[in-house]
Amino acid sequence: MKYISTRGEAAPLAFEDVVLTGLAPDGGLYVPENLPKFSQQEIASWAGLSYQDLAFKVIAPFVAGEVPDADLKKIIDDSYSTFRHDAIAPMVQTAHNEWVLELFQGPTLAFKDFALQFLGNLLDYILKKRDQKVVVMGATSGDTGSAAIEGCRHCDNIDIFILHPNNRVSDVQRRQMTTVLENNVHNIALEGNFDDCQNMVKASFGDQSFLPEGRQLVAVNSINWARIMAQIVYYFYAGLALGAPARPVSFSVPTGNFGDIFAGYLARQMGLPVDQLVIATNANDILHRCISANDHSKKELIHSLSPSMDIMVSSNFERLLFDLYGRDGAAIKQLMEDFKGGTAMTLSEEALSGARELFSSYRLGDEETIDVIRDVFENTEYLLDPHTAIGVQAARKTRRRQDIPMICLATAHPAKFPEAVRKAGQDEDPALPHHMSDLFDREERFEVLEKDLTKVQQHIAANVRA
Ligand SMILES: *Cc1c(COP(=O)(O)O)cnc(C)c1O
């Protein structure tokens, strides 16, 4: 399987190289040249498979010819053995024909574990095979950092450096990162905001000469294709559990960078019968404005109670645009360059109507989010985290057919976001799951650094293991 860039100029790459490359040299994102497609008969034959066995069926065609079956199976088994729940992605019913898909049973209590446990094991495998060592560098406003650290902590050939804005992530989120004490894990608390962290990472990817000889940076954000790929699996898993492919299902997805919901779109393109795909956003609503009013323009960032969706521009949207524009790389290059230069992007009539056929969208502010957490708790005693609450309400507001199961993706455990939960009327912070109950007693280790690119890069160079 070959992978091509959405901007049409970079040379196609094989799977393993795509995993190590991140952004394409032409600025685009990699996508498979040909998406695997499954017949209804084949999908039906998967009913009842374990999560791991299903993951193998879905992922195998993407790595065909590069990772032997037995090795892929082991990578998958290792990745999901760290989840607390036997079902890996269990479902809970919250209303008539409405389900919450709990994607927070992994080590860091957010759905990012699905992709990053897998990516860590995959990188370890590829690097050992090639006898190569790399440096993972990333910026986080919360969930990505801890999930990436958990994914890479046991990888001999990776040194990982995660930048977070000092004093600007929640205590739970910081401790999930800083209490991992393996000597290949490095947390940098930058004296700046999340954008400063991200800018340092971008600049470092652009010029990697500060690294020791023979090392390169690897990206673990959702521009990395392997992350999207791993997320396709749970759409099939939930759909099969509720009767697909014999009957269709719908999904509602709390969305930030458009990675998670793009995986849902791919599941549909690969043969899963999906009726509705709902884009659920908080006040940072560029995607909702784009779908509902063809207004894809940058607005100032708003800090919300659902911080993992606080984004100005969704990087993975480019992958969808590539399909909406008939996979015309030159058109996407032009569109993205114009957008970078200005502040707004207007989709062509054809692209817009294509997007509207595929997606519904809805936006929720903080107040409505709190109301939803409270309402659902009063009705069911089930506690939603603020991101999930946005998905549930977006589903209820945009739903076309009550007879089709609606699956709302629960992207985080409520214990990660106690502030919103308190505001919704809970007297106490939600309890952390048992395996993390001593989080606040654990030793922390991190380095506070000035907002100075040279100093950050010197710190990294000095701490990469020989
Ligand atoms: C990252 C994250 C999201 C957004 O996911 P995208 O793939 O960026 O759309 C939603 N909820 C939670 C809890 C997250 O951590």
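Order of appearance sets the numbers: ligands from 1, and atoms from 1 within every ligand.
- Considering backbone and side-chain atoms together, Met309 places no N or O closer than 3.5 Å to any N or O of ligand 1.
- Of all protein heavy atoms, the one closest to atom 4 (C) of ligand 1 is Gly256 N, 3.6 Å.
- Of the candidates Asp143, Asp385, Asp113, Leu103, it is Asp143 that places a heavy atom closest to atom 15 (O) of ligand 1.
- Residue, atom and distance of the protein heavy atom nearest to atom 12 (C) of ligand 1 are Thr411 OG1, 3.4 Å.
- Distances from atom 6 (P) of ligand 1 to the heavy atoms of Asn257, Asn221, Asn282 put Asn257 nearest.
- Here the closest non-hydrogen pair linking Ala219 and Gly22 is CB-CA, 4.4 Å.
- Using a non-hydrogen distance threshold of 4.0 Å, Ser222 does not register as a contact of ligand 1.
- For the residue pair Gln176/Lys416, the side-chain donor-acceptor check at 3.5 Å is satisfied.
- The two residues Ser308 and Phe417 come nearest to each other via the heavy atoms OG-CZ, 3.9 Å.
- Regarding atom 7 (O) of ligand 1, its nearest protein heavy-atom neighbour is Asp260 N, 2.9 Å.
- Minimum interatomic distance between Asn166 and Ala189 (heavy atoms only, all atoms of both residues): OD1-CB, 3.5 Å.
- Paired with Tyr51 under the rule ring-ring contact (aromatic ring centres under 6.0 Å, His included), one option of Tyr234, Phe83, Phe114 passes, and it is Phe114.
- Close approach of ligand 1 to Thr255 (heavy-atom distance below 4.0 Å) involves ligand atoms 9 (O).
- Within ligand 1, the atoms closer than 4.0 Å to a non-hydrogen atom of Ala412 are 13 (C), numbered from 1 in the order shown.
- Contact between Arg319 and Ser222 at its shortest, heavy atoms only, is NH1-O, 3.2 Å.
- Of the protein's non-hydrogen atoms, Phe111 CZ, 3.4 Å is the one closest to atom 5 (O) of ligand 1.
- Checking each of Lys397, Arg399, Met406 against Val278 for a side chain to side chain contact (heavy atoms under 4.5 Å, CB included) leaves exactly one that passes, namely Met406.
- With Arg374 as reference, Asp371 is the one residue of Asp371, Val376, Val372 to meet the side chain to side chain contact (heavy atoms under 4.5 Å, CB included) rule.
- Ligand 1 has a nitrogen or oxygen under 3.5 angstrom from a nitrogen or oxygen of Gly259.
- Protein heavy atom nearest atom 14 (C) of ligand 1, with residue, atom name and distance: Lys112 NZ, 2.8 Å.
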